[in-house]
S.K.: 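Here you go, one structure.
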Amino acid sequence: MPDGESWTFQNEHRLRGYVAHEFGPGEILRCWSHAVANDAPHYVLPNAEINIVARYSGRYSRVEIFGMTTGAHWFKPTAGETLLSVTLSPERALALGLHPRDWTDRIDAAPDALQDHLAPLADSLIGQSEAFARQHWLSAINRLSRAPENTFAAYSQSHIRASQGQLSLAGLARRMQVSERQMQRQFHDVLGLTPKRYAQQIRLAETIALADACTSPAWADLAAAKGYCDQSHLIRDCKKLTGVSPARLHVLRTASEKSNTSANA
């Protein structure tokens with residue numbers, strides 16, 4: 001639990017060696033971890049949030065930023081290392097100086113200011129248990145990323161996330177008490193993508209998470225459950241965001257351990 005607050009374990013999601021943990025109540029803090037068994041590349045899925053990742057083994061540690069991804073791509077870790085990440089809400093990312101427009105489709109070393117804070121902690125994780133490492137990494141980033149106030153874009157994103165990507169632009173504008181044009185412009189100015197695109201990413205991630213638990217997903221039923229007009233609508237959005245159909249994406253995510261898929265989606 002971060003910093004001794006009233007955080008409790010909420011959920012765990014496993015996918016091909018990755019384990020995602022969620023802590024709440026209220027704002028949900030999510031972290032994921034993976035012990036890398038081989039040098040096989042990992043298939044990173046479209047993701048609408050920024051992650052701070054500690055990569056460490058018995059010989060080294062480093063801190064990297066996994067930015068937002070607008071399409072699927074490959075990432076190659078090193079056998080024997082552990083990946084431990086905290087997923088940042090938009091307001092937390094901005095509080096750390098990580099602007100989404102600067103971290104789109106980018107995996108790179110953390111900026112110097114974050115390295116100064118987090119590199120010693122990453123070093124201290126070497127040789128520790130997974131539970132110890134997770135608690136200390138989550139607590140440190142929780143302290144560093146507390147924002148004094150929510151921004152317009154952060155409030156907008158919180159509404160989209162709460163609706164699991166099903167809130168329309170018109171509905172979002174009404175909630176934020178602005179015109180649809182103002183909504184589009186202010187959201188895009190901060191994040192570099194439109195509210196619609198952000199909602200599509202959130203809704204697809206929610207749909208694929210449900211599919212992960214199924215051997216043979218009923219795509220029409222999943223599409224209906226997540227507010228798509230029909231299965232064709234789901235297929236179009238999935239191809240636009242990932243380049244592949246939902247069925248192909250499901251195969252990539254759940255195939256054998258010959259390769260891996262990042263659970264950060």
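The first residue in the sequence is number 1, and the count goes up from there. This is a predicted model, so every value here is computed, not measured. Reckoned from all heavy atoms, side chains included, excluding hydrogens, waters and symmetry mates.
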S.K.: Once you round to the nearest 0.5 Å, how far does OG of Ser156 lie from CG of Leu167?
M.R.: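 One gets 9.5 Å once the value is rounded to the nearest 0.5 Å.
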S.K.: Please lay out, stage by stage, how Ile52 and Phe66 fare under the test side-chain contact (heavy atoms from CB on, under 4.5 Å).
M.R.: CA-CA 6 Å; Ile52 299 184; Phe66 283 37; over 6 Å; no
S.K.: Between Tyr155 and His159, is the ring-ring contact (aromatic ring centres under 6.0 Å, His included) condition met? List the steps.
M.R.: CA-CA 7 Å; Tyr155 275 125; His159 287 308; 7.4 Å; no
S.K.: Show the nearest heavy-atom pair for residues Ala110 and Leu114, with the distance to one decimal.
M.R.: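 That would be CB-CB, 4.1 Å.
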S.K.: Please say whether the positively charged group of Arg62, taken as NZ for Lys or CZ for Arg, lies over the ring of Tyr56, i.e. under 6.0 angstrom from the six-membered ring centre and within 45 degrees of the axis.
M.R.: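 No, a cation-pi geometry is absent between Arg62 and Tyr56.
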S.K.: Can any side-chain N or O of Asp230 pair as donor or acceptor with the backbone N or O of Ser232 at less than 3.5 Å?
M.R.: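 Here the side-chain-to-backbone pair exists.
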S.K.: Among Gln200, His188, Met176, Gln184, whose side-chain contact (heavy atoms from CB on, under 4.5 Å) with Pro195 holds?
M.R.: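 For Pro195, the side-chain contact (heavy atoms from CB on, under 4.5 Å) check succeeds only for Gln184.
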S.K.: Is atom CZ of Arg248 surrounded by more than 12 heavy atoms (other residues, nucleotides or ligands) closer than 6.0 Å?
M.R.: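 No, the 6.0 Å shell around CZ holds no more than 12 heavy atoms from other groups.
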S.K.: Taking all non-hydrogen atoms of both residues, which atom of Trp137 and which atom of Val63 are closest, and how far apart?
M.R.: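 Result for this residue pair: CH2-CG2, 4.0 Å.
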S.K.: Gln115 and Pro120: which non-hydrogen atoms are nearest, and at how many Å?
M.R.: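 Answer, listing the atom of Gln115 first, then Pro120: O-CD, 3.9 Å.
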S.K.: With Ala79, which residues qualify under side chain to side chain contact (heavy atoms under 4.5 Å, CB included), at least two apart?
M.R.: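 In terms of side chain to side chain contact (heavy atoms under 4.5 Å, CB included), with neighbours along the sequence ignored, Ala79 is linked to Asp39.
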S.K.: Any chance you could lay out the side chain to side chain donor-acceptor pair (under 3.5 Å) test for Thr69 and Asp105, step after step, and finish with the verdict?
M.R.: CA-CA 5 Å; Thr69 52; Asp105 294 324; 5.3 Å; no
S.K.: Any heavy-atom pair between the side chains of Leu98 and Ile65 that's under 4.5 Å?
M.R.: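 A side-chain contact under 4.5 Å exists here.
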S.K.: For Ser61 versus Ala119, what's the shortest heavy-atom pair and its separation?
M.R.: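 What the structure gives for the nearest pair is OG-O, 4.3 Å.
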S.K.: Mind running side chain to side chain donor-acceptor pair (under 3.5 Å) on Ser33 and Glu130 for me, showing each step along the way?
M.R.: CA-CA 8 Å; Ser33 60; Glu130 179 186 337; 3.3 Å; yes
S.K.: To the nearest 0.5 angstrom, please state how far the CG atom of Leu222 sits from the OH atom of Tyr228.
M.R.: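 Interatomic distance, Leu222 CG to Tyr228 OH, rounded to 0.5 Å: 10.0 Å.
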S.K.: Roughly how far apart are Arg203 CZ and Ile208 CD1, rounded to 0.5 Å?
M.R.: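 The distance works out to 12.5 Å.
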S.K.: Test side-chain contact (heavy atoms from CB on, under 4.5 Å) on Val36 and Thr78; report intermediate values, then the result.
M.R.: CA-CA 7 Å; Val36 181; Thr78 302; over 6 Å; no
S.K.: In sequence, state the C-alpha distance, the side-chain angles, and the governing distance for Leu169 and Met183, and then conclude on side-chain contact (heavy atoms from CB on, under 4.5 Å).
M.R.: CA-CA 8 Å; Leu169 174 62; Met183 184 72 253; 3.6 Å; yes
S.K.: With no hydrogens and no angle check, is any side-chain donor or acceptor of Arg30 less than 3.5 Å from a backbone partner on Val86?
M.R.: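 Flag not set: sc Arg30 to bb Val86 has no pair under 3.5 Å.
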S.K.: Nearest 0.5 Å, please: how far is CG in Leu96 from NE2 in His117?
M.R.: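 His117 NE2 to Leu96 CG: 9.0 Å, rounded to 0.5 Å.
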S.K.: Are the side chains of Gln201 and Leu241 in contact, using a 4.5 Å heavy-atom criterion?
M.R.: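 Yes, their side chains come closer than 4.5 Å.
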S.K.: Could you give all pairs that pass the side chain to side chain donor-acceptor pair (under 3.5 Å) test and reach residues 162-183, with sequence neighbours left out?
M.R.: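 Qualifying pairs, neighbours excluded: Gln164-Lys226, Ser179-Gln182.
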S.K.: So do Trp32 and Val19 actually touch side chain to side chain, heavy atoms under 4.5 Å?
M.R.: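 No; the side chains remain at least 4.5 Å from each other.
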S.K.: Between Trp219 and Leu210, is there a shared hydrophobic cluster once you connect ILVMFWY residues whose side-chain heavy atoms come closer than 4.5 Å?
M.R.: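 Hydrophobic grouping puts Trp219 with Leu210.
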S.K.: Determine whether Phe75 and Leu83 satisfy the following criterion, side-chain contact (heavy atoms from CB on, under 4.5 Å), listing intermediate values before the conclusion.
M.R.: CA-CA 12 Å; Phe75 159 70; Leu83 308 178; 4.0 Å; yes
S.K.: Out of curiosity, Arg236 CZ to Gln231 CD, how far, rounded to the nearest 0.5 Å?
M.R.: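 Between Arg236 CZ and Gln231 CD, I get 11.5 Å after rounding to 0.5 Å.
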S.K.: Would the number of heavy atoms belonging to other residues, nucleotides or ligands and lying under 6.0 Å from CG of Asp116 be above 12?
M.R.: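 Result for CG/Asp116: enclosed.
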S.K.: For Trp103 and Ile50, work out which heavy atoms get closest and say how close.
M.R.: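 Heavy atoms only, the tightest pair is CB-CD1, 4.0 Å.
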S.K.: Distance from His34 atom NE2 to Leu84 atom CG, nearest 0.5 Å?
M.R.: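 It comes to 12.5 Å.
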S.K.: With no hydrogens and no angle check, is any side-chain donor or acceptor of Arg101 less than 3.5 Å from a backbone partner on Asp189?
M.R.: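 Pair found, side chain donor or acceptor close to backbone of Asp189.
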S.K.: With a 4.5 Å heavy-atom cut-off, do Arg197 and Lys240 have their side chains touching?
M.R.: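 A side-chain contact exists here, since the closest heavy-atom pair is under 4.5 Å.
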S.K.: Looking only at heavy atoms, which two atoms of Gly80 and Ser57 are closest? And how far apart?
M.R.: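 Here Gly80 and Ser57 meet closest at O-CB, 3.7 Å.
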S.K.: Keeping the roles fixed (side chain from His250, backbone from Pro246), state whether a donor-acceptor pair exists under 3.5 Å.
M.R.: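 No.
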S.K.: Side-chain heavy atoms nearer than 4.5 Å, only ILVMFWY residues, links allowed to pass through others: does that put Leu204 and Ile235 together?
M.R.: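 No, it is not one cluster - the side chains of Leu204 and Ile235 are not joined through contacts under 4.5 Å.
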S.K.: With the 4.5 Å side-chain cut-off for hydrophobic clustering, are Phe152 and Leu172 part of the same group?
M.R.: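 Yes: a chain of side-chain contacts under 4.5 Å links Phe152 to Leu172.
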